[in-house]
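Note sheet for the following structure.
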Protein chains: 2
Amino acid sequence: MNTQEAIGALGALAHDTRLALYRLLVERGPDGLPAGVIADKLHILPSSLTFHLQHLHRARLIRQRRVSRRLFYAADFEAMTELVAYLTKNCCGGAWAPPSCLPVANTAQPKRRSA
Amino acid sequence: MNTQEAIGALGALAHDTRLALYRLLVERGPDGLPAGVIADKLHILPSSLTFHLQHLHRARLIRQRRVSRRLFYAADFEAMTELVAYLTKNCCGGAWAPPSCLPVANTAQPKRRSA
DNA sequence: GTTATATTTCTACCTTACTGGAAATATCAT
DNA sequence: ATGATATTTCCAGTAAGGTAGAAATATAAC
């Protein structure tokens, strides 16, 4: 993850609705949720939801897949891992985060089914 | 660090100039740099610099102190530690970051002189 | 007190981000 | 094909963020 990607991810998370949305998807795991269910849970209009979903998607924090007529969105766990790695490496003066943290992140991902 | 504080910190870092500024201050350590020097290094106008410094300061990512007629700004290392802790705790589904990471962050701070 | 330096504050402007409603698209069921 | 559901796209309006220059404040030197 380079600086521009990090800025994109930080900006995507720096919003009430989007952070709540992202946390909801993380909580839900790799299966994710369809847009409609998310809209209900967060009480936002469909057009707003799409706007925020696309914002998170552009930042590669979430993934999209269609299941019949519904679009499911799921958190991209690698993205957060990379973001945290970027922050600890570049924004803590190297003083933070023992290297043992980084490998753990990958192995700790919930098992996914297809891709 | 609560959600609103995290959003504030994320938003403060989610900008080209401010991220560069913050990283410059982290690199510099607890002594920090006077505003004028920062403006020179980042090639930005004084009024813009103040704008971004205040943004970072509001997010408690940097600290300010006056030395004679100059205002020094320095990174607040605890803030980044807390932000990373927040992200790993709340946005990685608990799957990330072994607890050993967190204490390390505090002990790894560069020694400061006064407060 | 006057002058110079360092930084902030103020104001105006421009751009981008966000919200909300209506229309369009995609998929499925009949 | 028609109708229903799920979601996106489009558009307009409003709010917030960022940039820039000029004026104001704070400190220091003379």
Side-chain angles (χ1 to χ4, degrees), chain A residues 3-25 28 31-75 114, chain B residues 3-25 28 31-75 114:
Chain A
T3 299
Q4 286 311 309
E5 290 169 337
I7 289 173
L10 291 166
L13 293 173
H15 186 274
D16 239 329
T17 299
R18 283 194 300 269
L19 186 55
L21 170 39
Y22 183 75
R23 290 177 62 182
L24 176 63
L25 292 181
R28 181 69 180 194
D31 289 354
L33 287 171
V37 173
I38 300 171
D40 286 350
K41 293 213 182 204
L42 302 184
H43 307 105
I44 53 180
L45 293 177
S47 58
S48 280
L49 178 62
T50 296
F51 175 79
H52 292 301
L53 284 171
Q54 287 176 343
H55 200 323
L56 287 166
H57 191 246
R58 248 181 288 127
R60 308 196 186 282
L61 286 165
I62 63 175
R63 290 173 181 174
Q64 184 196 56
R65 76 177 193 281
R66 182 179 283 280
V67 176
S68 140
R69 78 182 95 176
R70 290 183 302 181
L71 282 168
F72 278 71
Y73 288 89
S114 50
Chain B
T3 298
Q4 286 312 308
E5 289 169 337
I7 288 174
L10 290 165
L13 293 173
H15 187 273
D16 239 328
T17 299
R18 284 194 298 271
L19 186 55
L21 169 40
Y22 183 74
R23 291 178 61 182
L24 176 63
L25 292 181
R28 181 69 179 192
D31 289 355
L33 287 171
V37 173
I38 299 171
D40 286 351
K41 293 213 182 207
L42 301 183
H43 308 104
I44 54 180
L45 294 176
S47 57
S48 280
L49 178 63
T50 297
F51 174 80
H52 292 301
L53 285 170
Q54 286 176 341
H55 200 324
L56 286 167
H57 191 246
R58 249 181 286 128
R60 307 195 185 283
L61 286 164
I62 62 175
R63 290 173 182 174
Q64 184 196 55
R65 75 176 194 282
R66 182 178 284 279
V67 177
S68 141
R69 79 182 95 176
R70 290 183 302 181
L71 282 168
F72 279 71
Y73 289 89
S114 50

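The sequence lines fix the lettering, A, B, ..., with proteins before strands; numbering per chain opens at 1.
Checked against side-chain contact (heavy atoms from CB on, under 4.5 Å), Arg70(B) has the following partners two or more places apart in sequence or in another chain: Pro34(B), Phe72(B). Residues passing the side-chain hydrogen bond (donor to acceptor under 3.5 Å, both in side chains) test with Gln54(B): none are found, sequence neighbours excluded. Checked against side-chain hydrogen bond (donor to acceptor under 3.5 Å, both in side chains), Arg23(A) has the following partners two or more places apart in sequence or in another chain: Thr3(B), Tyr86(B), Asn90(B). Among residues two or more places apart in sequence or in another chain, the side-chain hydrogen bond (donor to acceptor under 3.5 Å, both in side chains) test is passed with Tyr22(B) by none. Applying the side-chain contact (heavy atoms from CB on, under 4.5 Å) rule to Ala35(A) yields the partners Leu49(A), Leu53(A), Tyr73(A); only residues at least two apart in sequence or on another chain are considered. A search for side-chain hydrogen bond (donor to acceptor under 3.5 Å, both in side chains) contacts involving Asp16(A) returns Gln4(B), not counting sequence neighbours.
Between the NE2 atom of His52(B) and the CG atom of Leu19(B) there is a distance of 12.0 Å, given to the nearest 0.5 Å. The CD atom of Glu5(B) sits 11.0 Å away from the CG atom of Leu61(B) when rounded to the nearest 0.5 Å.
Note: NE2 (His52(B)) to P (dT8(C)) measures 13 Å, nearest angstrom. For the pair Arg58(B) CZ and dT8(C) P, the computed distance is 13 Å after rounding to whole Å. We find that CG of Leu53(A) is positioned 16 Å from C1' of dA17(C), with the value rounded to whole Å. A straight line from CG of Leu56(B) to P of dT8(C) spans 12 Å, rounded to a whole angstrom. For His55(B) and dT8(C), the NE2 to C1' distance is 17 Å, given to the nearest whole Å.
End-to-end axis angle of the helix from dG1(C)-dC30(D) to dT30(C)-dA1(D), using five pairs per end and rounding to 10°, comes to 20°.
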- Item | Summary of protein contacts for nucleotides 25-30 of chain C, nucleotide by nucleotide, where a base hit scores B, a sugar-phosphate-only hit scores S (4.0 Å, heavy atoms) | --BBS-
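Nucleotides of DNA chain D lying under 4.0 Å from heavy atoms of chain A occupy a range whose first and last members, 5' to 3', are dA4(D) to dT9(D).
Although no hydrogens or angles enter the test, the distance criterion places a donor-acceptor pair under 3.5 Å between the side chain of Arg18(B) and the main chain of Ala12(B).
Within residues 11-20 of chain B, no residue has any heavy atom under 4.0 Å from DNA chain C. Of the residues in residues 34-51 of chain A, those lying under 4.0 Å from DNA chain C by heavy-atom distance are Leu45(A), Ser47(A), Ser48(A), Phe51(A).
Using a 4.5 Å cut-off on side-chain heavy atoms (C-beta onward), Val67(B) and Arg65(B) make contact.
As judged by a 4.0 angstrom heavy-atom cut-off over every strand, Phe72(A) is placed among residues making no nucleic acid contact.
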Can you give the donor-acceptor pairs under 3.5 Å from side chains of residues 38-48 of chain B to other protein atoms, not counting sequence neighbours?
none

